[in-house]
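Since the structure comes first, as structure tokens, the remarks are kept for the end.
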Amino acid sequence: MDDLKQRAEALDLADPHRAWRDRFVIPDGLTYLDGNSLGMLPAHVPDRVADAVTRGWGQQLIRGWNAEGWMDLPRRIGDRIAPLIGAAAGSVICTDSTSINLAKVLQAALAMVPERPVVLSDTGNFPTDLYVAQGQLRGSGTLRTVAPDDVANAMTPDVGVLMLTQVDYRSGRLHDMADLTARARALGIVTIWDLAHSAGAMPVDLAGVGADFAVGCGYKYLNGGPGAPAFLYVRPGIQHRVNSSLTGWMGHAAPFAFDPDYRPADGIDRFRVGTPAILSMVALDAALDVWDGVDMAVVRTKSRALGDLFIDAVDRFAGQFELHLASPRESHRRGSQVSWHCPDGYAVMQALIDQGVIGDFREPDVIRFGFTPLCLSYVEVVRAAEVLGNILQHRTWDQPRFRTRSRVT
Ligand SMILES: *Cc1c(COP(=O)(O)O)cnc(C)c1O
């Protein structure tokens with residue numbers, strides 16, 4: 001056990017992002033392995049939000065739309081997210097939720113391939129992605145889901161759109177985005193990537209791989225706060241010829257002309273719909289400051305090392321119990337999370353949370369741990385594995401109070 005702790009201490013000492021921890025509010029005694037569900041609060045965000053409320057809303061009132069630049073926030077934030085996902089300025093807009101953005105880009109993608117109304121996805125995709133596709137395709141197309149490893153072979157001539165999430169929310173398994181996008185392009189298939197578990201967790205190269213559309217989440221690794229606005233990407237080369245299916249006034253070429261007929265704005269702005277949620281946008285905008293001076297390649301290296309160390313530590317402390325790794329063991333095949341199949345996983349996770357180690361539970365039996373490289377230390381993840389081992393050893397989880405399901409798991 002000492003060698004693991006020594007390895008962790010050495011890694012912490014050598015960590016180029018060690019000082020970044022101080023940029024976040026980290027509750028005392030808490031080891032937070034759930035930044036993939038709700039990212040931590042960057043320490044400077046409360047002041048920025050308070051200022052937007054008291055000065056912006058309270059004093060500026062309607063003048064704030066111009067004086068505070070609120071109207072341009074979706075675009076400005078999009079341009080700040082862009083370098084994190086390998087996108088050019090002007091190709092990302094921050095707006096709505098991931099689910100709504102997916103509905104918009106799915107319709108835009110389908111309109112590009114009217115003769116091929118089959119959408120290909122995988123069975124491990126996040127449920128909202130599948131639900132959105134089911135609703136959008138009702139009566140007009142087909143959603144076809146195959147096992148994640150079969151996606152490449154399932155790109156048959158009737159498939160018009162490939163809709164995938166890069167990192168599997170449950171297992172952390174990583175799709176080969178460059179390879180699948182290249183194959184799709186060669187076959188004339190339009191690609192949509194959901195980056196919910198990628199943006200802020202690893203380098204993404206949307207422009208480099210030639211993806212057509214992408215969506216992603218503001219409240220996970222981008223730390224924008226509960227229900228933060230999401231983002232949407234459209235490849236610059238197609239922006240002029242695709243349209244949003246949700247044609248609201250904020251996506252109009254001239255919203256304040258109050259023209260009765262819709263005319264799309266130039267470029268990515270046409271994917272806006274209604275009035276942006278400014279207080280949430282201000283929080284996300286401020287949260288993005290933590291990425292100043294961050295090299296995503298270094299983030300990825302740390303993320304992989306954290307996951308590897310955690311797997312080794314769980315093998316050490318809990319290896320004798322009935323845990324089966326649900327994630328790829330090789331770090332280059334994983335996103336920034338590790339999960340295990342665990343009998344009574346729900347109760348085990350509640351017992352962990354009770355002892356200050358926060359991960360989460362995903363049906364049917366998965367305990368899941370996310371690694372936010374900028375907030376976490378290596379020593380913490382070894383300690384978290386030790387707590388897990390103790391809970392399994394002493395069956396601490398085997399209590400009625402840990403079995404009561406909450407609405408959010
Ligand atoms: C978290 C997540 C979402 C969330 O969608 P919302 O509209 O914000 O609720 C969507 N897709 C994937 C793959 C996710 O992981």
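Counting begins at 1 with the first residue of the sequence. In listed order, ligands and their atoms are each counted from 1.
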Subject >> Mode of Asp129 contact toward ligand 1 - side chain, backbone, both, neither (heavy atoms, under 4.0 Å) >> reply: side chain
Is [X] salt-bridged to [Y], going by a charged N under 4.0 Å from an acidic O?
X: Asp308; Y: Arg7; result: no
X: Asp212; Y: Arg185; result: no
X: Arg76; Y: Asp72; result: no
X: Arg272; Y: Asp96; result: no

Under 4.0 Å from any heavy atom of [X], which atoms of ligand 1 are there?
X: Tyr219; answer: 1 (C), 4 (C), 5 (O), 6 (P), 8 (O), 9 (O)
X: Thr165; answer: 13 (C)
X: Ser97; answer: 7 (O)
X: Ala196; answer: 2 (C), 12 (C), 13 (C), 14 (C), 15 (O)
X: His197; answer: 15 (O)

Subject >> Nitrogen or oxygen atoms of Tyr169 and ligand 1 under 3.5 Å apart >> reply: no
Heavy-atom closest contact ([X] atom, [Y] atom, distance):
X: Pro46; Y: Ala43; value: CD-O, 3.3 Å
X: Trp291; Y: Val299; value: CZ3-CG2, 4.4 Å
X: Trp70; Y: Trp57; value: CH2-N, 4.0 Å

**OP:** Name the option, out of Gly216, Ser99, Ala103, Ala228, that contains the heavy atom nearest to atom 7 (O) of ligand 1.
**Re:** Ser99
Nearest-contact summary for [atom] - protein heavy atom, Å:
atom: atom 14 (C) of ligand 1; value: Lys220 NZ, 2.8 Å
atom: atom 5 (O) of ligand 1; value: Thr98 CB, 3.5 Å
atom: atom 10 (C) of ligand 1; value: Thr128 CG2, 3.5 Å

**OP:** Show your working on side chain to side chain donor-acceptor pair (under 3.5 Å) between Ser198 and Trp193 and close with a plain yes or no.
**Re:** CA-CA 10 Å; Ser198 316; Trp193 286 98; over 6 Å; no
